[in-house]
Amino acid sequence: MVIVMEDNATESMIIAVSERLEKFGFQVHRVNGVNRTILGAIGDKRGIDIRGFELAEGVHEVLRITEPYKLAGRTFHPENTVVTVKDAVLGSEKITVMAGPCSIESEQQLFHIAREVRTAGAKILRGGAFKPRTSPYSFQGLGVEGLKLLKQAGEEFGLATISEVMEISQVNLMLDYVDIFQVGARNMQNFSLLRELGKIKKPVMIKRGMAATIEELLMAAEYVMAGGNYNVILCERGIRTFENYTRNTLDISAIPVTHKLSHLPIIADPSHGTGLRDKVGPMARAAVAAGADGLMIEVHHEPEQALSDGAQSLYPQQFLRLMEELRMIAWAIGRELN
Ligand code: PEP
Ligand code: MN
């Protein structure tokens, strides 16, 4: 980092800041300008709180020159990370679609939807077994029974599977049933859960928290990667804004911003991003046009009867048509639907 001292900073103030930097393990390079002194602090001190230096006497400004996400960032890893799961790849020129119900409700429901999304071209089957519901009285998911059905449906239709892990105690249990572990928006900063997922080998998809900055999302990925698991996928699923016509505001610009900052694949979830079925198609198309490496879309054959998120679930016919449109958009930007 670089510390710019005030014009009127005294020699003793400059020395105090230099000594403090050295105490933190930095090598200090001092540059005396005509009016100002600049201290260049050299050293890889991750996680340092720069505010302490901003408050030091005589300091004008503190500038961080490298990003705090060393493993997730592009600086030391310029080429894209490609996460491969069964037939699905995320992070290459191919665009992969994950689809399925919000919640796994029954064998009949899951198998019906799995067949439909596979026919339309999805490569990964989604379905929640442990559901993070706002109300404790809402359907909480089928738990392990749901995971068993997800695994069976994945095998039956040749689809990889993804499901949300809500707590550390579910990690080992889920290893037998899912191909990708989903960390939900509400758990994006559950650091102990992220650390635990750093110990496994299976891919982890982290959804952006409802009020999380892109840097915070990348730091969540850093937690998993710091544990040794580099198979991380990011997911833009909409953030809270003052806008109420949609459930969330899908931040399409997060896609190119993240691609520039990080080598990790990023997908978009227009279902949770908008909360309304008629907005899902337009935002899915926009996300692919903006460079998303994949999509996660909720589909239900009887959304009126769905136990969660029926209003944002596409009918299978709508999903089929959307996939055709996405194929053309992918082609227009030199990519291909997986
Ligand atoms: C989900 O994908 O089922 C879900 C609960 O999403 P989010 O964490 O983005 O709200
Ligand atoms: Mn949902």
Side-chain angles (χ1 to χ4, degrees), residues 81-92 94-104 109-131 146-147 149-151 153-165 174 177-185 202-208 231-238 250 255 264-274 280-281 283-285 287-288 291-301 308-309 312-314 316 318-320 322-323 325-327 329-330 335-338:
T81 282
V82 179
V83 177
T84 307
V85 201
K86 297 199 166 147
D87 278 358
V89 280
L90 288 134
S92 73
K94 294 207 165 109
I95 295 163
T96 293
V97 178
M98 314 179 178
C102 177
S103 299
I104 299 160
Q109 174 246 20
L110 184 65
F111 277 61
H112 185 120
I113 298 169
R115 179 176 288 111
E116 299 274 14
V117 302
R118 199 270 315 258
T119 305
K123 292 283 181 238
I124 301 172
L125 179 63
R126 68 147 285 148
F130 300 110
K131 295 302 300 176
L147 293 176
L149 293 173
L150 184 64
K151 184 173 176 171
E155 283 169 358
E156 171 90 13
F157 298 103
L159 294 164
T161 56
I162 180 166
S163 196
E164 177 164 351
V165 56
M174 287 181 68
Y177 299 106
V178 303
D179 297 308
I180 307 174
F181 283 70
Q182 174 173 323
V183 175
K202 289 195 168 179
V204 176
M205 184 180 88
I206 307 175
K207 297 185 98 178
R208 181 176 181 183
N231 283 312
V232 178
I233 302 155
L234 305 169
C235 178
E236 164 57 42
R237 51 77 73 200
L250 190 69
I255 298 162
L264 297 172
I266 177 156
I267 74 157
D269 171 354
S271 307
H272 294 90
T274 64
V280 171
M283 296 314 277
R285 297 193 296 259
V288 168
D293 298 301
L295 293 170
M296 168 172 265
I297 296 178
E298 288 184 339
V299 177
H300 202 294
H301 63 305
S308 61
D309 287 349
Q312 66 192 36
S313 300
L314 294 186
Q318 289 180 305
F319 180 64
L320 188 69
L322 175 62
M323 290 292 277
E325 294 165 355
L326 296 176
R327 225 162 248 127
I329 296 172
R335 295 182 81 174
E336 191 189 328
L337 215 59
N338 188 2

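In what follows, residues are counted from 1 in the order of the sequence shown.
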task: Would you name the heavy atoms of L314 and L322 that are closest together and state the gap between them?
output: CD1-CD2, 3.9 Å
query: Where is the tightest heavy-atom contact between N338 and A88, given as atom of each residue plus distance?
result: ND2-CA, 3.5 Å
field: side chain to side chain contact (heavy atoms under 4.5 Å, CB included) between M174 and F130, intermediate numbers included
entry: CA-CA 11 Å; M174 287 181 68; F130 300 110; 4.0 Å; yes
Check: S103 side chain, S308 main-chain N or O, donor-acceptor pair, under 3.5 Å: no
query: Taking all atoms of both residues into account, what is the closest heavy-atom pair of P270 and M296, and its distance?
result: CD-O, 3.4 Å
task: Look up atom CD1 in I266 and atom CE in M205, then write down how far apart they are to the nearest 0.5 Å.
output: 10.5 Å
- prompt: Are any non-hydrogen side-chain atoms of I206 and V232 less than 4.5 angstrom apart?
  reply: yes
message: Between F157 and R115, is there a side-chain heavy-atom distance shorter than 4.5 Å?
response: yes
field: Nearest heavy atoms of L295 and A287, plus distance in Å
entry: CD2-CB, 3.9 Å
message: Between H301 and Q109, do the side chains contain a donor N or O and an acceptor N or O under 3.5 Å apart?
response: no
- request: Give me the one residue out of K207, R237, Q312, R208 that meets side-chain hydrogen bond (donor to acceptor under 3.5 Å, both in side chains) with D269.
  value: K207
query: Side chain of T161, backbone of L125: donor and acceptor closer than 3.5 Å?
result: no
message: Between R126 (side chain only) and S163 (backbone N and O only), is there a donor and an acceptor less than 3.5 Å apart?
response: no
statement: Looking only at heavy atoms, the pair that brings I255 and G291 closest together is CG2-C, 3.6 Å
Residue pair L90 / I124, side-chain heavy-atom distance below 4.5 Å: yes
message: To the nearest 0.5 Å, what is the distance between NZ on K86 and CD1 on I180?
response: 10.0 Å
- prompt: Got a second to check how far I297's CD1 is from Q318's CD, nearest 0.5 Å?
  reply: 11.0 Å
- request: Indicate whether the side chain of D309 and that of H300 have a donor and an acceptor atom separated by less than 3.5 Å.
  value: no
task: Check step by step if side chain to side chain contact (heavy atoms under 4.5 Å, CB included) holds for Q182 and C235.
output: CA-CA 10 Å; Q182 174 173 323; C235 178; over 6 Å; no
task: Answer yes when D293 and R335 have at least one side-chain N-carboxylate O distance shorter than 4.0 Å, and no when they do not.
output: yes
message: Using side-chain heavy atoms (C-beta onward) and a distance below 4.5 Å, is L110 in contact with P101?
response: yes
Verdict with supporting geometry, R327 and E336, side chain to side chain contact (heavy atoms under 4.5 Å, CB included): CA-CA 7 Å; R327 225 162 248 127; E336 191 189 328; over 6 Å; no
task: Measure the CD1-NZ distance between I95 and K123 for me, rounded to the nearest 0.5 Å.
output: 13.5 Å
- request: Considering non-hydrogen atoms only, spot the tightest contact between V280 and S271 and give its length.
  value: CG2-CA, 3.9 Å
message: I'd like to check L250 versus E236 (side-chain heavy atoms, cut-off strictly below 4.5 Å). Are they in contact?
response: yes
message: Given 3.5 Å as the limit, does a donor-acceptor pair link the side chain of K202 with the main chain of V178, or not?
response: yes
query: Got a second to check how far I267's CD1 is from L234's CG, nearest 0.5 Å?
result: 9.5 Å
message: What's the separation between atom CD1 in I233 and atom CZ in F181, rounded to the nearest 0.5 Å?
response: 12.5 Å
